[in-house]
Amino acid sequence: MITKPRGTQDLLPEQTKIWAKVESHIRRICSLYNFKEIRTPMFESSELFHRNQQDSSDMVTKETYDFMDRGNRGMTLRPEGTAPAVRAFIENKMYAERDVNKLFYIGPSFRYERPSLGRYRQFHQFGIEALGSNSPLLDTECIALAVAIIKGFGLSGVKVRLNTLGDEESRSSYKEALVKHFSQYEECMCEDCKNRLKKNPLRILDCKVDRDKDFFKSAPKIGSYLTEQSKKHFDEVVESLKNLGIEYVIDETLVRGLDYYTYTVFEIEADIKDFGSANVICAGGRYNNLVKELGGPDTPAVGLAFGLERLIMALEAEGKLPFVDETTHIYFISLGKEAFKESSRIMNVCRMGGLKCEMDYNQASLKSQFKKADNNKALFTCILGDNELNDFKINIKNNETDEQETISINEVYPYVLNYIRSKTDKCHSCNKGANKDEKSSN
Ligand code: HAM
C-alpha cells in the first residue's frame, strides 16, 4: 500500500466540511477589513527564499523543499506566504494601482520539519499582508483582524504577545549589546546558540534550550536600545491596541524565526493544555525592507499568518468547531426501474432549484432506503413506486412532523420550498435567527 508522505494529512469529508466553514468565516472577516485575496504558485524560484547567506532562520537554511525542475531551474515549495505575496506585488506592479494594498491568502505551505503535535511538513496558512504604509495603525489593524477571527470562533484564553525589533540602528546597537553579554557565557550555551552568536545574535532569544538559565534572563532588553523613531512607532501600536480594547502582553524575548522583520513583531497563542508550541496559532510583524530587498520600490509592510491546522485543533479542543448544517432537503426512495429514473429526474429539478437532494443509487430494500434517508438527515422523504408513477403522483413524508401525503410529482419542488420558507419566516418573526450556519460563524 502506498501511504501519504510523513508529516502530511488527508483531510476527509468529515474534516473538509469544518475547514470550508472555518475558511468562509475567515473570508468574511477579511472582507470586513477590506483585505483582498491573492493566489500565488505553490512553488517559486529558489532564490526567492534563499536570498542571502546571512539569513540564519531554520526555515530557510534547513527546512525548505528544494528541487531542480526538468529544465534545470532551482525551485522551492513555498515554506510561507509572505515572500511569494511580495514577489507578486512587485511583479504585477500592484504598488502603481493603489498606495496601500491589503492582501490575504489561504493555502498549503511546506517545511521539512520533524513532525509533531501541530507541526507538519505540509500545513496550511491563512495570511494577510498590508503593503504601502508605515502607520502603526496598520500593525494594529492586522492584530485586530486576527483577534476578530479568533473571537468570532469563541476561542477563549487567547494571548497576544507583542514586541518590537526596532529599526536598523536600534537592532544593530542591540545586537552589539547581546554579543557583548552572551560572549561571556559562550561555553555554557547550546551549539545552535554558539552559531547564532556569530550569525544572528537576536535569534539566541528564541532558544528553547537556554531559556531558563540565569545568563539568558539577565540579557539586555531591546527597550533600552530603541531609537526615538522606533520607540515612537511601538508606543503608537500599543496605544492603538488599547484604543481598540485589544489585550496584549509585551514580551521582550519575542524575536520571531524569520529574518525579514523590522519594528513590530507578535505571536498569538491559544491556551490549550499539552499543546506546547502548537499553541502558537498565529504570528507576524512588520517587514519594511523586504519589498526593496526583492527588487521593488521602498515599501513598508506588515502582515501575519495563522496555521490553520493549529487553529482548528484549538477550536476542537475547546469544543468550538463551527456548526455545519448537513440537512438534506429531500431523500428520494424509489421502487421499480421507471420510478428510479423518474426520481432521478425530479431530484435534478429540485437540485437546480437550490434544494439539497439525495437518492439510493444501489436500489436496496425499502427498509434500507428509509435508513439511508435517516442517515442523510432528510427533511422530507419522497417515495415513488411504479404504480404511483402511472398516476403522476408521489408520496411525500415530512420527517419533522411525520405527516405523509400523496401529491402530484410537479408539486414536490414548491411543496418543500414553501415548507422551508414558512419555517424561515417563523424563525425570523420570533427573532431566533433562521440560519444556524450564519449564527455559528459569527
Ligand atoms: P511563521 O511563524 O513561520 O510565520 O508561521 C506562521 C504560523 O504558521 C505559525 O504561527 C504556525 O501557526 C503555523 N506553522 C508554521 N509552521 C508550521 C508547521 N510546520 N506545521 C503547522 N503549522 C505551522 C510566517 O510564516 C510569516 N510568513 C508570517 C507573516 C506574514 N509575517 C508577516 N506576514
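Values below: all heavy atoms of this structure, side chains included; hydrogens, waters and symmetry mates excluded. We count ligands from 1, going down the list as the structure has it; atoms in each ligand are counted the same way. If you read the sequence from its start, that first residue is 1, and numbering goes on from there.
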Would you say the side-chain atoms of H50 and T64 include a donor-acceptor pair closer than 3.5 Å?
yes

Rounding to 0.5 Å, atoms OG1 (T299) and CG (D99) come to a distance of 10.5 Å

Pairing donors with acceptors under 3.5 angstrom, does anything connect the side chains of S45 and E47?
no

So if I count the atoms of ligand 1 from 1 in the order they appear, which ones are less than 4.0 Å from some heavy atom of G284?
31 (N)

Quick one: nearest non-hydrogen protein atom to atom 18 (C) of ligand 1, plus distance?
F123 CD2, 3.4 Å

What is the closest protein heavy atom to atom 24 (C) of ligand 1, and at what distance does it sit?
L258 CD1, 3.5 Å

Is the shortest side-chain N to carboxylate O distance from E252 to K221 below 4.0 Å?
no

Atom 26 (C) of ligand 1: which of Y287, F306, Y260, F126 has the nearest heavy atom?
Y260

Need the ligand 1 atom indices (1-based, order shown) with element for anything under 4.0 Å from a heavy-atom of I281.
12 (O)

Please tell me whether Y105 and E129 have a donor and an acceptor in their side chains that are separated by less than 3.5 angstrom.
yes

Select one of side chain, backbone, both or neither to describe which atoms of E267 lie under 4.0 Å from any atom of ligand 1, heavy atoms only.
neither

To the nearest 0.1 Å, how far is atom 30 (C) of ligand 1 from its closest protein heavy atom, and which atom is that?
T82 OG1, 3.0 Å

State plainly whether the residues E37 and R27 are in salt-bridge range, i.e. N to O under 4.0 Å.
yes

Counting heavy atoms under 4.0 Å, the part of E309 that contacts ligand 1 is neither

Do any nitrogen or oxygen atoms of R119 lie less than 3.5 angstrom from nitrogen or oxygen atoms of ligand 1?
no

Could you tell me the residue and atom name of the protein heavy atom closest to atom 13 (C) of ligand 1, and the distance to it rounded to 0.1 Å?
G307 CA, 3.5 Å

Is the closest side-chain donor-acceptor distance between T262 and N289 under 3.5 Å?
no

Among protein heavy atoms, which lies nearest atom 1 (P) of ligand 1, and at what distance?
R256 NH2, 3.5 Å

So if I count the atoms of ligand 1 from 1 in the order they appear, which ones are less than 4.0 Å from some heavy atom of Q125?
5 (O), 6 (C), 7 (C), 8 (O), 24 (C), 25 (O)

With backbone taken as N, CA, C and O and side chain as the heavy atoms from C-beta onward, which portion of L311 lies under 4.0 Å from ligand 1: side chain, backbone, both, or neither?
neither

Donor + acceptor pair across side chains of Y260, E293 (<3.5 Å):
no

Give the residue, atom name and distance (to 0.1 Å) of the protein heavy atom nearest atom 21 (C) of ligand 1.
G118 O, 3.1 Å

What do you reckon, does Y105 have a nitrogen or oxygen under 3.5 Å from a nitrogen or oxygen of ligand 1?
no

Nearest protein heavy atom to atom 20 (N) of ligand 1, by residue and atom, and its distance?
Y120 N, 2.9 Å

Which of the atoms of ligand 1 are close to Y261, meaning less than 4.0 Å from one of its heavy atoms?
26 (C), 28 (C), 29 (C), 31 (N), 32 (C)

Give the numbers and elements of all ligand 1 atoms closer than 4.0 Å to a heavy atom of E129.
30 (C), 32 (C), 33 (N)

Can a donor-acceptor pair be found between the side chains of H233 and D167 at a distance below 3.5 Å?
no

for atom 19 (N) of ligand 1, nearest protein heavy atom and its distance come out as E113 OE2, 2.6 Å

Enter the distance from Q229:CD to N134:CG here, rounded to the nearest 0.5 Å.
6.5 Å

Over 60° means perpendicular and under 30° means parallel, so classify the ring planes of Y174 and Y225, tilted if in between.
tilted

Can you label the angle between the F215 ring and the F182 ring as parallel, tilted or perpendicular, going by 30° and 60°?
perpendicular

